[in-house]
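Step one of this worksheet: look at the structure below.
Side chains included, hydrogens not; waters and symmetry mates left out as well; all remaining heavy atoms used.
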Amino acid sequence: MPDGAPSPLLDVLLGGGRRAGSVRHVEVLPAREGVRADWPSWADPQLVAGYRELGVERPWAHQATAAEALHDRRHVALATSTGSGKSLAFWLPALTGVREDALDRAAASVLEAGRIETAARRGSVLYVCPTKALAADQLSALERVLDASGRAAGGTKVDLRVATCDGDTGFEERQWVREHADVVLTNPDFLHFALLPDHQRWARLLRSLRYVVVDEGHAYRGVFGAHVALVLRRLRRLATYYARVPGAPGASGPTFAVASATTADPSATAARLIGVAPEDVLTVDDDASPVGRKTFVLWEPPELPGGDPLEAAAGLRHAGDTDAALVESLVVDPTAHDDLGLVDEPDAPAVVGDAPDRPRRSATAEAAHLLADLVASGARTLAFTRSRRGAESVASATQDYLRHALGSGSGSDGEVAAASVAAYRGGFLPEERRELEEALRTGLVRGLATTNALELGVDVSGLDAVLVAGWPGTRMSLWQQAGRAGRAGAEGLVAFVAREDPLDTYLVHHPEAIFDAPLEATVFDPSNPYVLAPHLCAAAAELPLRADELDRFGDPAHLRELLDVLVARGALRRRTSGWYWTHARSAAAMADLRGSGGPPVRVVEEETGRLLGTVDAASADGSVHPGAVYVHQGRTFVVTALEAGPSGELEVAIAEPGTVDYGTWSRTTTTIRLATEEPLLARTWAPAPPPVDGDAPSADGDVRWGYGPVEVTSQVVSFQRRHLPDLRILSTEELDLPERTLPTMAVWWSVPTGMLGDAGLTDESVPGALHAAEHASIGLLPLLATCDRWDLGGVSTALHVDTERATVFVYDGLAGGAGFAERGYHLGATWLRATRDAVRSCPCSDGCPACVQSPKCGNYNNPLDKHGALRLLDAVLALAPPD
Ligand SMILES: [Zn+2]
Ligand SMILES: [Zn+2]
């Protein structure tokens, strides 16, 4: 096939031309040859034999480079694509290191007749990844290597003790791990809540720690990333403390390997994560693994004519997937996060009042259509969705379409094809996951609808096509998912299917923003005081915090200020030797690593006391208020009470089963106040001075930007019952729920009244224009920062009490801020230009979910003025500096 010709599967996607109208762009990405290197001379021969036995004749060049640097005890940031074999690059030096120590020890114990502290002499390795499931996967992969090494050596078992250890590990097993394991696979939550606070009992492991592998490093972003960065600083501190014993293998502190997807600036990000200088981390991002040619299609689902009965059925199924019904959470164990940063978000447009003039088919429904055709053609395909519910919907709709097209009834082609389609997501049992992965490998399953759980290290190769239903949040994630298509050098097809959302719509119309733009940097801020404070307490509880080691945790001056506050509040005690934690309670319990805003609220069935599910504390007011409809695995419940515990925190929502023909939508009022007199950062876009000496530019005609701490106060005040599926309003009820305050960081821009008038806005149209601009800009910020629109909030007002002007605020949705608003401030002009382009290019007449409507608006998307927003953004951007 000529190099520039697209994949033959494109024809299947196009339905023989009938769907050609949905293609917005086709990009053919060339194949790349792999480059091999030799095994390093120091590599343990038995391990090498094991890898050979598994078919790895020689490593790829990037694997050898990274392994070599790690062996020289240099920190490495390894940022290459999915399937490029990152694990070999860190296991080879790490396991070789442990084996060398073991051999040294054997020699030493002969020499000194066992008088040596043998336990201190054997090196150890800690492997940290964001989910338990992934640690389990790594364990089995590692066991395969060790088994193969054993076989290669004629059945001699390799002397390495490998184990996972996390919240699920039983007491006796934990004890075995503490005393004997050479390699421990775990997650940041376990480090934070168990290993570090209990460090005396883990002294053997900490003292001998040679390597720390931080896998899926790109998952540590936002507030979670900041927490993990501080957990790793605490780990380094304790490892150094225990390794002060002379001669211990860990005496120089552990060497870190941070493996991640391809991202911008890997060494700077890794350095910030582990707390060292960027120049101390070597970047290895020159991917030498072979890649097959890929045909990459950008796809916009068609406008809905209405009338497709299957579509209508699918529509009904999706009708519940709106804000108020978004309360399903399968996560009961707070450390059981198998899908990364996943949000259960609506697939259906959040329609208000009149339906938008030509709604498009949802990305979920469209992906099901495409998946059905690809499966029917025999292609093995993954369809990535944005939510667990989305994965389930795509799988069942695909099965429906296959039955509809190929016949139903036992033994029919339709049934056979439908049986080869399944859903995959976090929350499955490990055996179920294994079984699905195996079925996909053997071809028993040909179509798999999945959450980003499969974006991670799971070893699935040999797929023909990948559908990405809804923007996965970052280009980084997109390439991870796309990397699953046509692996091992084969041809692959990838289609990104846009949702009705400003960002998705913008991207399918701007291929350069996908194919030419630089990758995102992973954004997180370990100096966030709301994150830092609890970790300083935890560190002080582990070992009293000395003044001379503050630089481990950040800028010492900043830390001293924070410590003074903690002392004043009675959290810590200052002594001449340092800061002490003197409370009986656990200091680690103060930090909420996953940023869920406190313990989740349990939803309990009234009559039986059965736990139906949990809801994030932060969203409980809006989703499980009295009267709210709660959907759990297809069954409907109505909440009768939302109860607080003794300390005022929400604890439990009581629900009873009910058959209702409506959904509920809550309304939230939100106000924002600047928390400081002056913003942290500020700038002005002023009109250019006139060419000749004339009138000075009107000082009032400028756009003022700010970034700084704010206080966001919100209250859920009422809710509507709306008939399903037409969303007709049945009733509105007041609610009596408390105000909640969120201290966070915001970016804002403000304009004077005169400028609004000049832009043709009237007093009546200003609020709608600001609100629409706010929504659209929130939708586009994820283009510039590694966040999700669900990580952000916004407030717009025609006259703000602090700025005294018309102002649009966009804030980080988590206490203390996450770094996203700050990115928005620094990239203000780029951000608002993309926002304006997205709104302008949307073909709707008065605003739709693809441009100015927001699925999470607390005000029912009212008022919204698309054309006003465009005039406003034009006026603002007229003063913007060029890109
Ligand atoms: Zn629109
Ligand atoms: Zn809104």
Side-chain angles (χ1 to χ4, degrees), residues 9-26 295-319 321-322 345-351 355-375 381-387 389-391 393-398 400-401 404-405 447 449 465-472 478 481 493-511 514 725 779 838 841-845 847-851 853 855:
L9 276 180
L10 181 59
D11 225 33
V12 177
L13 206 65
L14 296 181
R18 125 186 96 86
R19 283 195 288 251
S22 289
V23 175
R24 293 290 164 270
H25 181 79
V26 178
T295 301
F296 206 127
V297 187
L298 304 186
W299 193 275
E300 189 170 36
E303 290 175 344
L304 273 184
D308 177 347
L310 269 173
E311 197 75 54
L316 257 182
R317 218 181 2 249
H318 296 297
D321 289 1
T322 35
E345 58 184 46
D347 294 316
V351 187
D357 32 343
R358 301 292 299 276
R360 290 184 185 277
R361 182 184 284 154
S362 77
T364 315
E366 184 75 348
H369 277 285
L370 301 177
L371 182 57
D373 280 5
L374 286 164
V375 166
T381 309
L382 281 184
F384 284 99
T385 63
R386 293 283 290 136
S387 67
R389 192 193 345 255
S393 311
V394 168
S396 64
T398 304
D400 288 350
Y401 295 143
H404 186 71
V466 165
L467 301 171
V468 180
W471 182 245
L478 182 78
Q481 299 184 351
L493 174 77
V494 183
F496 162 51
V497 181
R499 281 176 306 177
E500 277 216 304
D501 169 277
L503 181 56
D504 286 30
T505 309
Y506 176 85
L507 288 166
V508 288
H509 289 276
H510 291 82
I514 292 178
S841 61
C842 189
C844 71
S845 56
C848 71
C851 56
Q853 290 184 0

NZ/NE/NH1/NH2 to OD/OE distance under 4.0 Å, Arg386 and Asp504: no

Side-chain heavy-atom pair Pro301, Val497 within 4.5 angstrom cut-off: yes

Note, Pro302 side chain near Arg19 side chain (heavy atom, < 4.5 Å): no

Shortest non-hydrogen separation from Ala449 to Ala391 and the atoms involved: CB-O, 3.4 Å

Student check: side-chain heavy atoms of Ile514 and Leu478 closer than 4.5 Å: yes

Qualifying residue for ring pair (Phe, Tyr, Trp, His ring centres under 6.0 Å) with Phe496, from Trp299, Phe384, Trp471: Trp471

Donor-acceptor under 3.5 Å (Ser22 side chain, Glu300 main chain): yes

Closest approach of Gly779 to Leu503 (non-hydrogen atoms, all atoms of both residues): O-CB, 3.2 Å

Taking every non-hydrogen atom, the tightest pair across Thr364 and Gly390: CG2-O, 4.0 Å

4.5 Å side-chain heavy-atom contact, Glu303 and Arg361: no

Shortest non-hydrogen contact from Ala363 toward Ala498: CB-O, 3.7 Å

Test item: His510 side-chain N/O and Tyr506 main-chain N/O as donor-acceptor pair under 3.5 Å: yes

Leu382 side chain near Gln481 side chain, heavy-atom distance below 4.5 Å: no

Flag side-chain contact, heavy atom, 4.5 Å: Val26 against Phe296: no

Name of the residue among Leu13, Thr385, Val394 meeting side-chain contact (heavy atoms from CB on, under 4.5 Å) with Leu467: Leu13

Side-chain (Arg24) to main-chain (Gly21) donor-acceptor, under 3.5 angstrom: yes

Rounded distance (nearest 0.5 Å) linking atom CZ of Arg18 with atom CG of Asp373: 5.5 Å

Distance, nearest 0.5 Å, that separates CG of Leu374 from OG1 of Thr381: 4.5 Å

Stepwise side chain to side chain contact (heavy atoms under 4.5 Å, CB included) test for Val297 and Leu493: CA-CA 8 Å; Val297 187; Leu493 174 77; 4.1 Å; yes

